[in-house]
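Reviewing the structure listed below.
A, B, ... follow the sequence lines: proteins, then strands. Residue 1 opens every chain.
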There are 2 protein chains.
Amino acid sequence: MALGQSISRVESKSKVTGQTDYVMNMTVPGMLHVKILRSTVPHGIIKSIDKSDAEEIPGVVKVVTGEDLKDFDINYYYGPAFRDQPVLAMDKVRYVGDPVAAVIAESVEIAAEAVNYIDVEYEEMEPVFDVLDSMKEDAPIVHDKVRPAGSFADLKSLLPQSGSNVCLHYKLRHGDIDKGFEEADHIFEDTFTTPAAVHLPMEQHVAIAQIDSEERMNLWTANQSPSFVRSEVAHVLKYPENKVRVKVPYLGGGFGTKLYVKIEALTAVLALIVKQPVKLALTMEEVFLTLTKHATVFTMKTGVTNDGKIVARKCNVVWDTGSYADIGPRITQKSGFTAAGPYDIPNVHIDSYCVYTNNAPAGAFRGFGVPQLVWAYESQMDIIASKMGWDPLEFRKAQVLTEGKEHATGQIIHSVGLDKVLDKLDTSLEWKDYHTNRTNGSVTQEGRKIRAKGMAIGLKAVLTPSISGAIVTMFADGSVSVYSSTVDMGQGSDTILGQIAAEELGLPREKVRVVHPDTDVTPYDTITAASRSTFYMGNAIQKAAEDVKNQLFEFASEHFQVNSDALTLQDEQVYVIDDPAKSITIKDIIKGIYKMPAGSIIGKYVFESHYESPDPETGQSKDIAIFWFPGGTGVEIEVDIDTGKIDIVNMVSVGDVGKAINPFNVHQQLYGAAVMQIGQALFEECKYDHGQMINSSMSDYKVPSFKDLPDHSDTIIVEEPHPEGPFGAKGVGETASFGVQPAIANALYNALGVRIKDMPFTPERVLRAIKESEKEQESSLVGSTVEIKGEK
Amino acid sequence: MALGQSISRVESKSKVTGQTDYVMNMTVPGMLHVKILRSTVPHGIIKSIDKSDAEEIPGVVKVVTGEDLKDFDINYYYGPAFRDQPVLAMDKVRYVGDPVAAVIAESVEIAAEAVNYIDVEYEEMEPVFDVLDSMKEDAPIVHDKVRPAGSFADLKSLLPQSGSNVCLHYKLRHGDIDKGFEEADHIFEDTFTTPAAVHLPMEQHVAIAQIDSEERMNLWTANQSPSFVRSEVAHVLKYPENKVRVKVPYLGGGFGTKLYVKIEALTAVLALIVKQPVKLALTMEEVFLTLTKHATVFTMKTGVTNDGKIVARKCNVVWDTGSYADIGPRITQKSGFTAAGPYDIPNVHIDSYCVYTNNAPAGAFRGFGVPQLVWAYESQMDIIASKMGWDPLEFRKAQVLTEGKEHATGQIIHSVGLDKVLDKLDTSLEWKDYHTNRTNGSVTQEGRKIRAKGMAIGLKAVLTPSISGAIVTMFADGSVSVYSSTVDMGQGSDTILGQIAAEELGLPREKVRVVHPDTDVTPYDTITAASRSTFYMGNAIQKAAEDVKNQLFEFASEHFQVNSDALTLQDEQVYVIDDPAKSITIKDIIKGIYKMPAGSIIGKYVFESHYESPDPETGQSKDIAIFWFPGGTGVEIEVDIDTGKIDIVNMVSVGDVGKAINPFNVHQQLYGAAVMQIGQALFEECKYDHGQMINSSMSDYKVPSFKDLPDHSDTIIVEEPHPEGPFGAKGVGETASFGVQPAIANALYNALGVRIKDMPFTPERVLRAIKESEKEQESSLVGSTVEIKGEK
């Protein structure tokens, strides 16, 4: 009764009325405030820190440096893949912005002022900023040694030799790549780049740490991964896990930047040191220095036969993970294995490198690296199609992975509606008419503005293996609480997960409450990310609710003297299916079980994915991802050929979500992800000068505003149900992020015949491409083909 | 490895260092404070309330009266048995102290001041204070109608007719009472009384209510029954249960006064009205007006054959439940059925009446009415033994219930070590020597002080049916959290329950954390009372831990290719029993299950008692209590025959606890309960003048101080294991409360030959008894027998 309903978000009212709980607004009694002094050099040894002036300022309680930490029996380093990031810089700094010292004071203002009175002397070391330079043998080494975290034990063989900035080298070998290229009639090779960018949720990173009367560490933090923060902070403090409690209320956005430990280890350690609660809230300027999206260099070489079959693809992807690995190694690996695209290619060879530099650390960003890959492979798909005279849509359809085909990883693909996504793009863009007219030379041109269409599709594998635990408790009055560590960061998980429980238990949605993450309360959940929550947590909740239902049925079955499978639960009553006059209310069942109108029924389930660890040398696995989810984007753009400015006239985002638990919410997710990518495509870019970010403020770093949005937008839901998903559902949070950039690039090519391979498509870059293209070819702007690098 | 260890309380350090969390010390942001205006008349109609002056005082936010509540769609009445108690007096007051209005102000001081400015005009009604008067037909009626709570549905047939102050009449009919008395050679009839008394935990009643951004009601309260408070406050507010959250940190004592709703409904409603958090903390003076121990009048008629066999016993017990029933009806019923004592008596007839008066409400008090009953039946046992020339010990042994015998309720008694308790009293008091010498005329007399010994035993049935749910979660590092709604109010439950989990999981106690009650987190538990937690919650925790263990075994069983029953869990490792070289650590198992060093294993269990509802006309049931627990007390007293003052020279408390999970803790419980009873026996009594309590302060109401303690004390543990108890354990919290009063009364008789039947044994009362006895008998003080009322 709750499934498939577009009910409003449960927290809408509290958000609109300003009542929603955010850590930023929280205080705890006796709380002190923290400000961070950050490195001004990109690479160097800390020779000395003089904090005496700062500590003399009235209201300053203490200034803490890495050196001070050595007085405490703690672990200094943390990290989700490698434990390479220090709580505070230990002896060395690795990027401009690296936290060097923390001032703890009675007010934010005093702490901010005192930061200016700390003197740090550095011995500067040669830095490396270019990720390709960083791979060279004589590059300055950012980390002398790497400390793999326990969670990376499965990838030991992919770990780097020390003495290299390559911290992970992922390999996929499928078929015989040399033979593949031999069979090909045409070979295409292109290199695509993306810059660093930032997430910029409206709420900055913020955490409060407090040690309680039981000497336990309590953390309130704006974080997407409370279970991880608990175990990692426990590691840093050398506490057992049950002595660390992490609570997360609502988040003002996440997008990946609030995954794993960001400021939590520092905040916890400072509370431990001063034995008082402390709060650390970053400014928006500091957010720019905390985590970025990986800049990438992706060289793709593709062999195609004369009849348009891709027979070989070689991918070389280099990820600039910056000064600390964060989750970069996992991106390199887990997104790396999708680099060849959602196509049926018999021979695939992928090398994916995670590389340290002295840039700000890079980590998860909505899409987890997949948008960077789709950008490349879907640009090249259009390059090839154009060169070989195929309709890009038909060219994709000719090779797209469909039910039962084998992915490059060796996994047989199921429940992936890529063909349906292409069909939806086709109809919604009126593609066939458009393409026919276009190849006949007819493009829409109005004055100096040219319109054209483009499309792209992508496929992502959900994080596997991973774990979601849930408890569902039904109280004596039939109301229900759902205990889940999924963080509602704006994606609407409280609403969706409640719908799943309500549906399973035959209750109206209002009767179900979803309790917010609190590691003392809500079971372990890997992370809120990777479009995994509806599937993983949804499954855990559905099965925990089923556990409750079974207990109700157990009583009703005896009560009516029928088998459990003869019963159904609807409208807060259990009915005998064949004799619906026989029914008993949930309340009466509970009263019957406990012989009083009291008590509660507890259901629980830990959902863990099946998984086959891939061979480290070949990346092959029969079971590498529990589900895959495709998305596609179609755009019509208008380019001003005098200014180079691109406007998006129409945008269509298509996502195969398996089953839309809450269709309105799915549309919002598709639209939100696509809009975010518009910024990345058209103007977002972190700019650096010798490691110093020079546009690290909201006035210098542009994000999409209302006037950047498409004039017209559509979001289209495809439902190819997944047999293991809750009611068939897969995931959706990242789906519409895949195709925006290549769709725009492809439309740009269709408009002007120019092929841009570096993002973003700023007016300057577009204009320069037009000029170069005119110079090179002196040919018609329409239908031209550039960038075919090699041919057999 | 944790079982049977006398480890220290887990909270000892935080208590000693003043770090323990108590609601009294808590604040929440924006919190207002409440003071209550109480009725000055015992029975009356509220004609008018003028609150205008009070509301004009700066800092007063609002004054709320019962009339004001009518603007809100809430239920005005609450209560655990009958919903007869209003949130604030609605039109009528029923005792001196009845809450009439609440002042909400910015500080406690302002609120307290403003209370004086409220003018209330009453139309006084005739009150009734004497419980026997109150049963008469023409008595003023305290409640026009009774509203049974849902939890009382099982007792509908015992509910009163309206127009009577008898709000429950419990009946037990076993055998043929008339035939029994016909068979008897001697009939004894005595009436025993007890006065109202108060619990006086060191921490007063205190609660904070806050409505959060999700419009949920959050309550922090010093209460022994968080699950009940949640459902009852939900009822008052007309909220679903999952919109009410009740949290309880440590309590500074409970003893029954903090059971069910006391101030929580009022506090919640006030927060709802002013839309701001409010705190209500009673003063110690108000605690005296909030709940008392039932005053009782117990007439017992017993028929005995010439060979010393009790063949018939008729009990008439009247309980003064005061102006509101609270849990009085349950005491009347559930303790009522034990009124005939722990003896094998073929013909038993019990009438137990719960009666309203205009006194302060009476409710649960450590022992739940059983001490009042034991006081009567163990006094009469000595009266009969003395009259019939039996050694009181031998007389008890001749009829005491032993394994397999039938209790008056019809239940066959198992695992009740009454005979062992008597043996321990015998040896520890050196009773046989003492009794032989005493009956030969030798008593210890030094100057005007006479020494003598006495004993008594009692038996209580644990609250049945009832429910305890528990969740046990093991984290990836093997540390464990136990989720239990049992309140640690000083009895040490955090320590004991953690020991049970640790023992079951082969962990050291330090690895287990017991999470405090929070109805959003910890599963439903009926109450923390009735000596039930070790058995009920211990069972739930043991079985939830077993659920975790089974999941570990499931993995290990496959790992070692053996059956689960070939495995054992010890020292944080699973071993193959027959091949201990084969072992795997808990950490490695979890890593194996989840394919990463993360996740958690959840175990859960809801323990509910089996139970057969007794026949409402006869009280007969084959399964009325899941376990019974006996206790006995022996004393040696010294009476000053000039002043009448009694000193306790030696006190022995014997309890059959089934299995002592933590022996030191058991000794503390036995000693604590006994000391509390010393106060009740020797001097504690609520004194009233026309309904006004005249000793409602710690300076006027005496409780035991160090100088009142016995010179020498022993606590002795008997372990008659219960097959269904966790590791055999039963309960202990009330055990030593049973026998103190009759043991002292019996010793007094043995010293002076006077039989006091009204408590407490103040010097004045003792002296008066001596004088009367001397007047009546002019005989030897030693060995005399008084009070044989009837003889066949």
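- Side chain of B:Tyr483 to main chain of A:Asp520: a donor-acceptor pair is present (N/O by atom type, distance under 3.5 Å, no hydrogens or angles).
- When the candidates B:Ile593, B:Asp525, B:Thr27, B:Thr526 are compared by the number of heavy-atom contacts under 4.5 Å with chain A, B:Ile593 comes out ahead.
- Looking only at heavy-atom pairs under 4.5 Å with chain A, the residue among B:Lys591, B:Glu11, B:Gln19 that has the most is B:Gln19.
- Within 6.0 Å of NZ on B:Lys587 lie no more than 12 heavy atoms contributed by other residues, nucleotides or ligands.
- Heavy atoms closer than 4.5 Å to chain B are found nowhere in A:Ala234, neither backbone nor side chain.
- Going from atom CD1 of A:Ile467 over to atom NZ of B:Lys595 covers 8.5 Å, rounded to the nearest 0.5 Å.
- Only the backbone of B:Ser609 comes within less than 4.5 Å of a heavy atom of chain A; no side-chain atom from C-beta onward does.
- Here OG1 of B:Thr473 is found 5.5 Å from CD1 of A:Ile471. Values are rounded to the nearest 0.5 Å.
- When all heavy atoms of A:Arg513 and B:Asn242 are compared, the closest pair comes out as CD-O, 3.0 Å.
- Only the backbone of B:Thr20 comes within contact range of chain A, judged by heavy atoms closer than 4.5 Å.
- Applying the side-chain hydrogen bond (donor to acceptor under 3.5 Å, both in side chains) rule to A:Lys243 yields no partners; only residues at least two apart in sequence or on another chain are considered.
- Residues that satisfy the side-chain contact (heavy atoms from CB on, under 4.5 Å) test with B:Glu554, not counting sequence neighbours, are absent from this structure.
- Heavy-atom pairs under 4.5 Å with chain B were tallied for A:Ala476, A:Gly469, A:Gly18; the largest tally goes to A:Ala476.
- Ranked by heavy-atom pairs under 4.5 Å with chain A, the list B:His235, B:Glu608, B:Lys511, B:Glu241 is led by B:Glu241.
- Among the residues in residues 245-252 of chain A, none has a non-hydrogen atom closer than 4.5 angstrom to a non-hydrogen atom of chain B.
- If you tally non-hydrogen atom pairs under 4.5 Å between each of A:Val515, A:Val606, A:Asp212 and chain B, the highest count goes to A:Val606.
- Applying the side-chain hydrogen bond (donor to acceptor under 3.5 Å, both in side chains) criterion to A:Asp547, with sequence neighbours excluded, gives A:Gln551, B:Lys604.
- Put simply, of B:Asp477, B:Val521, B:Thr17, the one with the most heavy-atom pairs under 4.5 Å next to chain A is B:Asp477.
- Interface remark: of the candidates B:Pro465, B:Ser468, B:Pro29, B:Ser227, B:Pro465 forms the most heavy-atom pairs closer than 4.5 Å to chain A.
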Output, in order, the C-alpha distance, side-chain angles, deciding distance and verdict of side chain to side chain contact (heavy atoms under 4.5 Å, CB included) for B:Phe475 and A:Thr519.
CA-CA 10 Å; B:Phe475 305 108; A:Thr519 58; over 6 Å; no
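- Interface remark: B:Val28 contributes no atoms to any contact with chain A (heavy atom separation under 4.5 Å).
- Of the atoms belonging to B:Val10, not a single heavy atom falls under 4.5 Å from chain A.
- Considering only heavy-atom pairs separated by less than 4.5 Å from chain A, the leading option among B:Glu510, B:Arg230, B:Lys13 is B:Arg230.
- Rounded to the nearest 0.5 angstrom, A:Ser14 OG and B:Glu215 CD are separated by 8.5 Å.
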